[in-house]
Peer 1: 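Sharing a structure below in structure tokens format, with a few things to ask.
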Amino acid sequence: MLSDPLMTAVAAGAGAIARTAGTGLWTGIRPRIEEWFARLGEGRARALGTQLDATAKTLKDTPEEGGARKDMEVTWTIRLQDILLELDETERIEFAGFLTRLRDEVAAARTDGGASAGDHSVVAGGDINVNARDGAVAVLHNEGGFQVNPPRPGPDTEK
């Protein structure tokens, strides 16, 4: 049985995983979790990495109003408890500290009201105004191409 402080850390870590998996924050959080799992041995880290991927896929493909995030939080609570029970006392304290810091980092990153962005994206908790003046073009990321100074409609361009 784990002590109350360790159970608090488990809840913090499971919540951080469930809140970020499948969101734009996940790309920054997942490698840190995997890095810690690597301490558990190659086979265990690989299996847990697969479970992290499955969690992210499930949560990315599931509407928010469903209980999927809460279900994943429960699932990861059990997994993290099992991991802590396998560790010696020093490792337990280190891992509990990591889980608590992870929760705090996720909370800090989500102070934007829950908005998140993936690769090649911008996130804002409010309005974004982009202005281009004097013939300039304002583009953050464009995959479709654009034309500057397109021909104006008229007798020379209508055919």
Side-chain angles (χ1 to χ4, degrees), residues 1-131 138-146:
M1 193 68 175
L2 296 173
S3 66
D4 285 344
L6 290 177
M7 287 303 297
T8 299
V10 164
I17 291 170
R19 279 188 299 282
T20 60
T23 72
L25 292 175
W26 188 239
T27 57
I29 298 297
R30 187 190 188 286
R32 300 201 47 243
I33 298 168
E34 241 184 354
E35 184 180 304
W36 219 99
F37 285 167
R39 298 180 185 190
L40 304 173
E42 187 179 328
R44 186 75 193 267
R46 192 174 327 114
L48 289 165
T50 299
Q51 292 168 350
L52 287 171
D53 290 339
T55 297
K57 181 175 179 357
T58 297
L59 295 177
K60 186 175 186 176
D61 297 342
T62 305
E64 280 296 320
E65 60 273 3
R69 287 205 186 272
K70 188 64 181 160
D71 292 345
M72 285 299 171
E73 188 171 349
V74 170
T75 298
W76 278 100
T77 296
I78 295 166
R79 285 183 184 137
L80 295 175
Q81 284 175 335
D82 290 345
I83 291 169
L84 276 172
L85 289 170
E86 295 172 10
L87 301 175
D88 67 34
E89 190 63 30
T90 302
E91 292 171 323
R92 281 182 189 167
I93 292 168
E94 288 176 11
F95 191 49
F98 166 74
L99 295 173
T100 302
R101 286 188 306 278
L102 190 66
R103 177 208 51 211
D104 295 344
E105 290 172 24
V106 167
R110 293 179 62 98
T111 58
D112 58 19
S116 63
D119 293 343
H120 309 293
S121 300
V122 175
V123 65
D127 295 336
I128 295 177
N129 295 307
V130 179
N131 297 303
V139 176
L140 294 174
H141 182 78
N142 179 20
E143 294 186 25
F146 58 91

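Quick note: numbers below take in every heavy atom, side chains included, and nothing from hydrogens, waters or symmetry partners. For the single chain, residues carry numbers from 1 onward in sequence order.
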Peer 1: Can you measure from CG (D53) to OG1 (T58) and round to the nearest 0.5 angstrom?
Peer 2: 10.5 Å
Peer 1: Can you name the nearest heavy-atom pair linking T27 to P31, along with the distance?
Peer 2: O-CD, 3.2 Å
Peer 1: Do the rings of W76 and F37 sit parallel, tilted or perpendicular, given the 30° and 60° boundaries?
Peer 2: parallel
Peer 1: State, yes or no, whether a side-chain contact exists between T100 and R103 at a heavy-atom distance under 4.5 Å.
Peer 2: yes
Peer 1: Please set out all donor-acceptor pairs under 3.5 angstrom arising from side-chain atoms of residues 8-19, sequence neighbours excluded.
Peer 2:
from : atom 1 : to  : atom 2 : distance (Å)
T8   : OG1    : D4  : O      : 3.0
R19  : NH1    : G15 : O      : 3.3

Peer 1: Considering all heavy atoms of both residues, which atom of A21 and which atom of A56 are nearest to each other, and what is their separation?
Peer 2: CB-CA, 3.9 Å
Peer 1: Rounded to the nearest 0.5 Å, how far does CG of L84 lie from CE of M7?
Peer 2: 9.0 Å
Peer 1: Do the non-hydrogen side-chain atoms of W26 and L52 ever get within less than 4.5 Å of each other?
Peer 2: yes
Peer 1: If I take atom CZ from residue F95 and atom CD1 from residue I83, how far apart are they, to the nearest 0.5 angstrom?
Peer 2: 4.5 Å
Peer 1: With rounding to the nearest 0.5 Å, note down the distance linking CZ in R69 to OG1 in T20.
Peer 2: 8.0 Å
Peer 1: Could E105 and R101 be called an ion pair, given the rule that one side-chain N must be under 4.0 Å from one carboxylate O?
Peer 2: no
Peer 1: For residues L25 and A109, report the shortest heavy-atom separation together with the two atoms involved.
Peer 2: CD2-CB, 3.7 Å
Peer 1: Can you check whether M72 reaches T62 side chain to side chain, under 4.5 Å on heavy atoms?
Peer 2: no
Peer 1: Nearest 0.5 Å please: distance from the CG atom of L40 over to the CG atom of L87.
Peer 2: 6.0 Å
Peer 1: Return each pair, listed once, that meets side chain to side chain donor-acceptor pair (under 3.5 Å) where at least one residue sits in residues 88-98; pairs must be two or more places apart or across chains.
Peer 2: R39-E94
Peer 1: Measuring from atom CG of L102 to atom CD1 of I33, what distance do you get when rounded to the nearest 0.5 angstrom?
Peer 2: 5.0 Å
Peer 1: Would you say E86 has more than 12 foreign heavy atoms packed within less than 6.0 Å of its CD?
Peer 2: yes
